[in-house]
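Accompanying notes for the structure given below.
The basis for the numbers below is simple: all heavy atoms, side chains too, and nothing from hydrogens, waters or symmetry mates. For ligands, and for the atoms within them, numbers begin at 1 and follow the listed sequence.
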Amino acid sequence: MGFLQGKRALITGIASQRSIANGIAEAMHREGAELAFTYQNDKLKSRVEDAASKLGGGPAYPLDVTDDAQIVALFDGLGKHWPDGFDILVHAIAYAPREAIAGGFLDGLTRENFAMAHDISAYSLAALAKGARPLMQGRQGAILTLSYLGAERALQSYNVMGVAKAALEASVRYLALNLGPEGIRVNAISAGPIKTLAASGIGGFRKILGHVESNSPIRRTVTIEDVGNAAAFLCSDLASGITGEVTYVDGGYNILGMTGLDEGE
Ligand code: NAD
């Protein structure tokens, strides 16, 4: 029996087979969770429905997080599908206009780009937590989001997305504080770089992958399976004492002081 047997999970953020959310859904399905899904737009609907059919056949709901009405409709629909509630919310959503995540921090910076990155990548976690809250009461559930090292270190090209991820990680701590008494834990995984649709928008991403592969303690980049397994654990009762944390699934890259030197140099 899997360690998520009897749990119900809402998975957002699948855009392709390479999506981190897909790795999380696969691990949660393997561990026995019942899944429901969201898709951002009609273009992605059939892809998400295909993924859903391979992972237990749960429903897929439209969700563009910039539209409050869609957030309301999502939890209305989910409340009908799971009338006595659900246990796990996976938030795997981020966006910044391409010109804002290439070049220098100020090059693609506009009020609109800054607001959009924060709205879609940070505010949406709190908005979804607010919508999910009534359906997650008293079930020892968990909310999980995805962050990146650029939240706390200045990384070339990550720019406004790093600022939005800092807001996201702070939101994790505030949500953990306020939802803990209701039996809901809230955590983030800070994943190492993985080639996905979202990541391909980041300037110099191929170079980042190569650098991490050569320098991280495990000498490889992480996979969506690595992140999926950690996510399944953090959202399970095995992690019942963990909340408000940012857990690194990055092959140890974040612990490094200086990179590029070999042992003995
Ligand atoms: P992805 O492109 O597969 O997923 C990003 C998802 O965000 C897509 O499913 C897209 O539909 C969704 N999205 C964007 N705008 C949206 C909106 N307005 N409404 C609803 N959904 C919207 O890429 P991914 O790398 O799997 O990204 C998932 C999460 O992981 C993101 O938060 C990303 O920042 C984070 N992350 C990625 C990496 C990496 O290297 N790939 C590393 C650390 C963290």
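- Partners of Ala51 under the side chain to side chain contact (heavy atoms under 4.5 Å, CB included) rule, at least two apart in sequence or in another chain, are Ile14, Asn22.
- Asn187 contributes atom CG, which lies 9.0 Å from atom CZ of Phe233 (distance to the nearest 0.5 angstrom).
- Within 4.0 Å of ligand 1, the residues that place a heavy atom are Gly13, Ile14, Ala15, Ser19, Ile20, Gln40, Leu44, Leu63, Asp64, Val65, Ala92, Ile93, Ala94, Tyr95, Ile120, Leu146, Ser147, Tyr148, Lys165, Ala191, Gly192, Pro193, Ile194, Thr196, Leu197, Ala198, Ala199, Phe205, listed by chain and number.
- By the salt bridge (charged side-chain N to carboxylate O under 4.0 Å, His left out) test, Asp237 is found to be paired with Lys7, residues two or more places apart in sequence or in another chain being considered.
- Put simply, CD1 on Ile93 and OG on Ser19 are 11.0 Å apart, with the number rounded to the nearest 0.5 Å.
- A search for ring-ring contact (aromatic ring centres under 6.0 Å, His included) contacts involving Tyr148 returns Tyr158, not counting sequence neighbours.
- A perpendicular orientation is assigned to the rings of Tyr253 and His211, their planes being inclined by more than 60° (bins at 30° and 60°).
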